[in-house]
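Reading through the structure tokens given below for one structure.
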Amino acid sequence: MLHWLWLVPAFPFAGYLVLALAGARLSRTSVASIGVGTVGLATLVACGVGLSFIYSPPVNHTYSQTLWTWISVGNFSPKIAFYLDALSLVMTLVVTFVSFLIHLYSSAFMIDEEGYSRFFAYMNLFVGSMLTLVLADNFLLLYLGWEGVGLCSYLLIGFWYKDPVNGRAACKAFIVTRIGDTAFAIGLFLLFTQLGTLQIQEVMQRAAQQWTAGSSLAVAASALLLGGAVGKSAQLPLQTWLPDAMAGPTPVSALIHAATMVTAGVYLIARAHVLFSLAPSVQLVVAIIGLATLLLAGFSALVQRDIKRVLAYSTISQIGYMFLALGVGAWSAAIFHLMTHAFFKALLFLAAGVVILAMHEEHDMFKMGGLRSRLPLTFWTFLVGAASLSALPLVTAGFYSKDLILWGAWSSPSGSTWLWVGGLVGALLTSLYTFRVVFLTFFGELNHEVSYAPDIRLRLPLIVLAVLSVVGGFVELPRTLGDRPLFSNFMGSVLPALEHVGGDTRTELALQIIAAVVSISGIYLAYLFFLRRRSFATGIAGSTVGTVLRRFWFGGWGFDWLYEHSLVKPFVWLVRANKDDFIDSIYDGIARLNEVFYGLLARTETGKVRWYMTGIAFGAIVAIAIAVFL
Amino acid sequence: MILAWMIIILLLGGVGAWAANRFSALWSRSLSLVALSIDLVLALVVVASPSRESGTGQWLVQLNYNWIPQFGISFHLGLDGLSLLLVFLTLFLGIISVLCSWNEVREHVGFFHFNLLWILSGIIGVFLALDLFLFYFFWELMLVPMYFLIGIWGHENRIYAAIKFFLFTQASGLLMLIAIVGLYFVHGRATGIYTFDYLQLLGTSMSPAVAMWLMLGFFVAFAVKLPAIPFHSWLPDAHTEAPTAGSVILAGLLLKTGAYGLLRFVVPLFPDAARVFAPVAMVIAVIGILYGAMLAFAQTDLKRLVAYTSISHMGFVVLGIFALNGIAMQGAVIQILCHGISTGALFVLVGALDERIHTRNLDQMGGLWSVVPRLGAVTMLFALASLGLPGLGNFVGEFLVLFGSYRVNIPLTVLATVGIVFATVYSLWIIQRAFHGPMREYPKLRDLSPREVGITALLIAAIVWLGFSPQPVFNIARPSVESVIQNVSEQRQDNPWVVGTLGSSGQGGTP
Amino acid sequence: MPALPMEHGLLLAALLFALGLLGVLVRRNVIFILMSIEIMLNAAGLAFVVAGSRWSQADGQVMFILILAVAAAEVSVGLALVLQLYRRLQTLDVDVASKMRG
């Protein structure tokens, strides 16, 4: 079964090819069946591969499959090859499964759109690229997938291309991530030059052999990879593109900008964990970036009006948690949170999509309200997702994954109380802004009469994801609650387990209780501010400090403004100023000089015979004088 | 003899196409196609029959006749992997340019095809010549018909552009002639054999100062053709004003003769001087990458924009060549091919667009995707190729160059990589301004015709193939690249600079 | 009869030549210019003759006859041009005929 691995990315690519070449001539039904079907097939194959991987594990718990040699120049010989281990298997399953559900959802959600086949073509290309990224056996192929998903993100954000705003958002997303990718690419140059290979496992082996911990090369290499990860995963300082990326259709936001692509950075760091372990300083930076991002984005999420932008900031914030986990060396906790986040964030986006559809493209939460009774299924599933995001204790997947991260931040050798406190503040913010959305959207008075019955293809993914958002956490029960770390054990073959130095089971329990209290109090505060006493919230927001902060947070802490004025505008100004290429003017200058001389000489050409005669006579005299006297 | 026939068939085909216009324009067009196809078949025959009757070492086929023996001038042609790839590129783009001018050129059709085929035969001659005098002859042979092509069938400002093109290339060509003659005498004085033969001139010993001056003579000539900063300013004008076929040939082939010259002449003939000069050349290359990309972004004329991207992309070629190691040089070779295809394609597409909406001004476009989706999709693909998207050929070229040059010079490589971000900016700009955005009012536009679909399908197939499976190209080019590299790194012990290029941890630079 | 010193003859020739040149430069009437050119030609011829007699060579006379022939041809062409000039411009002023001005 394992040798069918290549089919996993191949199916979506095939779907893409068919849709790209013949999509315009196909009916909507066949477009949908190709688009959804190929991803479905990929999911099936992935499940089969996964089962056979778990039940008859290959040697060393890794399996690799080479399709063909891509490039072979000297010792530079990356192959088109796939590599399966526990990490890539989990990623593959998450990606295929979530993609399949979202594809199913989109087939109903996008049904009235003009570019139906274009949409599915891009989506399939995305899934194929994402799977390539995840399964790549060498960094160059990973980079191919990496750029491929970036491209699809660009194409899908700008899906409604007629509105220039969408186009701008799409370009911004692509360019900002490309800046990170540049760092990533330079990192690859460094790795190859120093280690002589790009095959990921060999790179890790050789790095561990040749570099000592903290050596400058290890630091440089991991810092450069971090640059790529930061761009793709929308972390500080390259986080600005993600909120704008919400310009794309909602399923796109769910799939690309929440569940899968944006977590690629986390995957990359986990994949290269050996490298990061060799560079403790960079790992600390990862943790700090994660913490800073999760707090910044949390505050920004708190003041947004657009439901999708709240979710976007929340995504940034949750990926911040994953970075925090990576930074303290809690590798499997990061991947665990990645998985649960994929479930509940996709769920939240999809549910929000139904809300937006029901509200006729209205994104502003303050114009919604009371939808609970009108969209019961959407409400309940959204509530499950929100609970999971807020890490409601015991019953939600988000609790288990976030708890693991917080525990790691406390107890890891590189962790500290400050990281834990920061994470806790983030948790409070999370439940606060999440339930702000819930209360504003689904509770309160009904602003618009809504009658909308979602299609089964919209409902089914919501239900499945809601179930996963609950049970997805039970694969990893902490020591205090049953102690069944299935997920960490499974990951153990790839990612080293975290060594806990900072506490025993009792501390862990105490911390969990604190986290639970924080989470619930966040929900209560949200209830207080946004349902019970709206005047509290408006009062705070209306005060002078409140207004300033609200504006500041609403604009994403002024990063956009800063970049616009410090980078974009000067660049554009410089480029425009030199539109006609000053070097050309040098050549023009030479030409002009020639013209001047020509003009001077032309003036001697008077057309008068006597003038010429004088010239001849004078010239003859000079010539004779030279001949005689010299 | 097959090599001479390749050139002769094109020359005769050109004359025939001119004459055939008496009957009808279709005859000239078909005759040109036939001539190019025969050449393609001949090239395939060369590949398919590894008889190597007259070939030795890296050379698959050679042909050597006396021409003017008094001066040591011979009619010496030779084909190795590098020339073979470039000859294929020439014929491929030649066919594309005949096809893409099928409707565009309606006046003096016969003379047009005469010029087209004579340029192509000049280019093939340049790629095959192994005698410096013969090389110079073909070098100039390309020039005059190109001048006519721009001057007669070009756009509004064509005379200015044609003269500018002619002056730049002619002046630099004369500089090269001086260098060639200089080399001839240096070699003659040293050995007593006065010859223009490339193979004999290889390894001429001369003082460093002389070598540097002669190398600069060659370098400047090729740098103008490439074009490298600061000799680039003829290019935007020539590309913009030339007819589509002219732009395709200019960008796709004429620029490549510069790169070929660097690979074939500058580095092998003057290895020591090239090594000393390499850092400077790399700086020029990187400035070209960044500066070209910035200028491209500033343009509003779509054709001019694409023209400036050539400067940026050819910077990678120069960077790859002067990194003087195998990976980078192989990268440069494939970048040469891919840039020929991708930029050629972009010019074809811009030409197709111009044919439909009669403007090249980006400010007057917008929302074209909904009117001509196929044209949009294909343009997007090639815009993506030019921003170096993995999976398309340019990525392979650019990344190999960067991988190679990183060993040599880290800061320059980093800057060149930043150039890729700039490339992203201008490529997306094309798509954003022309195809996305609110739709403007257009008269009824026709999407790509079957002929155009055929052309673009060929180009797409080529660029995707080079992106996913470029290995055959590397295999063909390997002997040539190897010999260049060996030549350069012979005395690497006494030059710390090259030791650096070959990597400290034992990764040899040669493939 | 004592021969005239060569210097006198050459001085006369130079004088004539200078007069002729001056005439070409200052006269605007094309007929006078042609006449001045004749004077210059004859001055040159005189110089040849003087030189020929100084060394008792016939070459001087030969050259003079050549000059006469050239002058005759030149005058015939010149007068034809003068006629054309007059027909086209209704004047004999050479400064008016400045169509070749750069």
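Letters A, B, ... mirror the listed sequences (proteins, then strands); counts begin at 1.
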At a 4.5 Å cut-off on heavy atoms, which part of [X] comes close to chain A: side chain, backbone, both, or neither?
X	answer
Ile229(B)	side chain
Asn475(B)	neither
Tyr426(B)	neither
Phe403(B)	both
Leu400(B)	side chain
Trp429(B)	side chain
Phe168(B)	side chain
Thr413(B)	side chain
Ile420(B)	both
Leu384(B)	side chain

Nearest non-hydrogen partners of Leu133(A) and Ala264(A), listed with the distance
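For Leu133(A) versus Ala264(A), the nearest heavy atoms are CD1-CB, 3.9 Å.
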With only heavy atoms counted, which part of [X] is less than 4.5 Å from chain B, the side chain, the backbone, both or neither?
X	result
Asn166(A)	neither
Leu190(A)	both
Trp68(A)	side chain
Ile586(A)	neither
Arg168(A)	backbone
Ile583(A)	both
Leu198(A)	side chain
Tyr143(A)	both

Ion pair check, [X] and [Y], cut-off under 4.0 Å:
X	Y	value
Glu114(A)	Lys162(A)	yes
Glu147(A)	Arg178(A)	yes
Arg433(B)	Asp363(B)	yes
Lys164(B)	Asp584(A)	yes

Do the side chains of Ile289(B) and Phe316(B) get nearer than 4.5 Å, heavy atoms only?
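Counting from C-beta outward, Phe316(B) and Ile289(B) do come under 4.5 Å.
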side-chain contact (heavy atoms from CB on, under 4.5 Å) between Phe184(A) and Leu225(A), worked out:
CA-CA 5 Å; Phe184(A) 184 17; Leu225(A) 292 194; 3.3 Å; yes
Please lay out, stage by stage, how Phe474(B) and Ile334(B) fare under the test side-chain contact (heavy atoms from CB on, under 4.5 Å).
CA-CA 8 Å; Phe474(B) 296 134; Ile334(B) 201 150; 3.9 Å; yes
Once you round to the nearest 0.5 Å, how far does CE of Met329(B) lie from CD1 of Ile485(B)?
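One finds 3.5 Å between CE of Met329(B) and CD1 of Ile485(B).
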How about Phe159(A) and Phe119(A): are their ring centroids closer than 6.0 Å?
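Ring-ring flag for Phe159(A)/Phe119(A): true, centres closer than 6.0 Å.
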So, Phe189(A) versus Phe399(B), ring centres under 6.0 angstrom or not?
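They qualify: ring centres under 6.0 Å apart.
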